[in-house]
Number of protein chains: 2
Amino acid sequence: MSSISLSQVQYVLALHRTGSFSEAANACHITQSTLSTMIKKLEEQIDITLFDRKTKPIKLTAEGESLIDQFKVLYYEYDNLIEDIQETRTEYYGTFKIGIIPTLAPFLMPFILKNMVDSHQKVKFTVMEITTEEILKLLKLRELDVGLLSTPVIDETLIQNPLFAEDFLIYDATAVSTKKRKYTVDDIDLSRLWLLEESHCMSFQIEKICHLKKSDNLDTNLIYKSGSILSLINLVEANNGLTLIPRIATLHKGILNSDYLHPIVSPSPAREVGTVTHPNFSKKQLLASLEEKVLSSVMPILRTVTDVKIINPM
Amino acid sequence: MSSISLSQVQYVLALHRTGSFSEAANACHITQSTLSTMIKKLEEQIDITLFDRKTKPIKLTAEGESLIDQFKVLYYEYDNLIEDIQETRTEYYGTFKIGIIPTLAPFLMPFILKNMVDSHQKVKFTVMEITTEEILKLLKLRELDVGLLSTPVIDETLIQNPLFAEDFLIYDATAVSTKKRKYTVDDIDLSRLWLLEESHCMSFQIEKICHLKKSDNLDTNLIYKSGSILSLINLVEANNGLTLIPRIATLHKGILNSDYLHPIVSPSPAREVGTVTHPNFSKKQLLASLEEKVLSSVMPILRTVTDVKIINPM
DNA sequence: TACAACTATTGATGTCATCAATATCATTAA
DNA sequence: TTAATGATATTGATGACATCAATAGTTGTA
């Protein structure tokens, strides 16, 4: 018995479905005589008559009945393979658009982007540093594949996957670390506090940590707001100021004076970082790869902190 | 993208398994150049390079890794289809060997054999009337497909399926039925009792009903033993004798004088009838068909008897 | 550097799938 | 009862595909 072809499987299923040789042939975009010949050939190959031609519409024989489900299963799995192939091509040769918030980008992307490019050499990566609000908007428009941001976001239409929690550290230009003293939230001198501009959710998170409200009348330090963590750090250092720094910033040696860094305890305020995708997002393997690389990158600086309080970004 | 053939699927899996073009070709009984050409063709069709030829042994690319499982699934289902086809051919065109005990055969086979032949017109049926002991032996030798006998049998290596229980009736040539009197086991006049020869388990069952032992010294009636129920019935009638008849014998109108038939109560001794098959028996549909037809045949004479005592055949 | 083992390429050939044309069959209407 | 219609089966020609033999090219080892 020689090989059954997938075309023959397709023809059998079409005839079973339509109950007519001519209709099945049309459905398969071949001529009726081809269909007739190929089904007869299959029946001879396997030495089983699958269809009773005497009935109108054409029906399966008892033997055919006992085999048709497995014909269906086989073709179903062939369909799955074709889909997998399409998806693999898209994943390996298409584009992958990443949106990332500015308070993560400078510390994550230098490490993970090269890795991602190396392991997906035929994928074209596009990275956009934009705010959470803009990321969510572009995800919904399908103009981004994935957002890398502080979770959770309040949006039921998108799929979120939290990856890790990182605590905030006090960065204080006047408090030289002796490494003996433990800091709490109450040690934050609000008169010297610097924040990112309001569109950054980390700014909102810091306000929550410090029990601030938007209408609070603060000192003049808070009037000047910055758009990047690097500017924030420079401002703090130049003005004997103070801010809160996410621990991920410590990945980047050299931009922080480690003498000014102080962990907070009881509790340690923290933010959660994760990915957000559209429900119809299909490049699962690229997403998994990105998530794995993000986790690998932050692993060295993640601490097992027991008394953590996650501060939501919205 | 034109159709992927199952041969190509087979070649991919062989190369993945062996890590060598020449070994894979050997495994598939084709030349190395055919394998090389066909795998390259597939890779061009789907526009994905599946194998990294630089490694020794040859390994899948990352893309290949993400697809290989679905190639495996597809070929597995193709294998299943081939097996189903083989099994269907065997079931519909092969042989079905039935062993049945003589105390069942004359009452069951006339009804069910025609039915079985009608619904499996291409199957060659072989029916052997032999004792339980011989049926079990031939089942184990795979020279029988199924045994139809009194269950349970003491044999863990075979598969049993009990179908129904039938009670024994007294058949007494001297006790004309008035349909008023109820008989119990104690009404059995042992001096007139006739039995089948010892190799028939029904004989054993009757001895148990009557609390007989092999070494019991009975009257001269028991010295002459018969091999068929019909002979038994004739002996009883010709000699004013007595025996026990399974209810299934009442299916056959005309051989029994219904005046001599008496149900037994408190309790009604009964035997269980079922099928026995070898664990590797594969013609499941034929077996199910047989079992269904047996049950349909005995349904008219089966009684809902409440106080039943099953007498085991061994 | 030579050689062995392996994969890739190419042209010839056999096999298979398909089509167009036609034969055959079954059903329906006049 | 015959003719028409719709459907399936058959057949020969043709294009597509799978395969092989021969050879080119590559890689690793002694």
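A, B, ... follow the sequence lines: proteins, then strands. Residue 1 opens every chain. The basis for the numbers below is simple: all heavy atoms, side chains too, and nothing from hydrogens, waters or symmetry mates.
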Quickly work out the [X] [atom1] to [N] [atom2] distance and round it to whole Å.
X	N	atom1	atom2	answer
A/His29	C/dT18	NE2	P	13 Å
A/Met38	D/dC17	CE	P	13 Å
A/Phe51	D/dA7	CZ	C1'	16 Å
A/Glu43	D/dT8	CD	P	13 Å
B/Leu6	C/dC16	CG	P	15 Å
A/Ile39	C/dT18	CD1	C1'	14 Å
B/Ile30	D/dA21	CD1	P	12 Å
A/Asp52	D/dA9	CG	P	11 Å

Considering non-hydrogen atoms only, spot the tightest contact between B/Ser3 and A/Tyr78 and give its length.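 Scanning both residues completely, I find the closest heavy atoms to be OG-OH, 3.6 Å.
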What residues, two or more places apart in sequence or in another chain, satisfy side-chain contact (heavy atoms from CB on, under 4.5 Å) together with B/Lys56?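 By the side-chain contact (heavy atoms from CB on, under 4.5 Å) rule, B/Lys56 matches no residue at all.
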Could you tell me if A/Thr31 and A/Thr34 have a donor-acceptor pair between their side chains, going purely by distance under 3.5 Å?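 Short answer, yes.
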Given 3.5 Å as the limit, does a donor-acceptor pair link the side chain of B/Asn161 with the main chain of B/Thr275, or not?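 The answer is no, because no donor-acceptor pair under 3.5 Å joins these two groups.
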Reading DNA chain C from 5' onward, which residue's closest nucleotide shows up sooner: A/Gln8 or A/Lys54?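 Looking at the nearest nucleotide for each, A/Gln8 comes out on the 5' side.
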Within this structure, what is the CD1-NZ distance for the pair A/Ile112 and A/Lys114, rounded to the nearest 0.5 Å?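 So the gap between those two atoms works out to 13.5 Å.
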Rounded to the nearest 0.5 Å, what separation is found between the CG atom of B/Leu138 and the NZ atom of B/Lys140?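 B/Leu138 atom CG to B/Lys140 atom NZ measures 11.0 Å (nearest 0.5 Å).
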Write out a two-atom table: protein N or O, nucleotide N or O from nucleotides 2-9 of chain C, distance below 3.5 Å.
unit_1	atom_1	unit_2	atom_2	d
C/dT7	OP1	B/Phe21	N	2.7
C/dT7	OP2	B/Phe21	N	3.3
C/dT7	OP2	B/Ser22	N	2.9
C/dT7	OP2	B/Ser22	OG	3.2
C/dA8	OP1	B/Arg53	NE	2.9
C/dA8	OP2	B/Ser36	OG	2.9
C/dA8	N7	B/Gln32	NE2	2.9
C/dA8	N6	B/Gln32	OE1	3.1
C/dT9	OP1	B/Lys40	NZ	3.3
C/dT9	OP2	B/Lys40	NZ	2.5

Kindly indicate whether the side chain of B/Leu148, heavy atoms from C-beta on, has any atom under 4.5 Å from the side chain of B/Ile101.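 Contact flag for B/Leu148/B/Ile101 side chains = no.
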Please state whether the phosphate of C/dA17, meaning OP1 or OP2, lies under 4.0 angstrom from any side-chain nitrogen or oxygen of A/Lys41.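 It does, given that an N or O in the side chain of A/Lys41 lies less than 4.0 Å from OP1 or OP2 of C/dA17.
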Would you indicate what A/Tyr11 reaches in the nucleic acid, counting non-hydrogen atoms under 4.0 angstrom: base, sugar-phosphate, or nothing?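 Answer is sugar-phosphate: A/Tyr11 comes under 4.0 Å of backbone atoms only.
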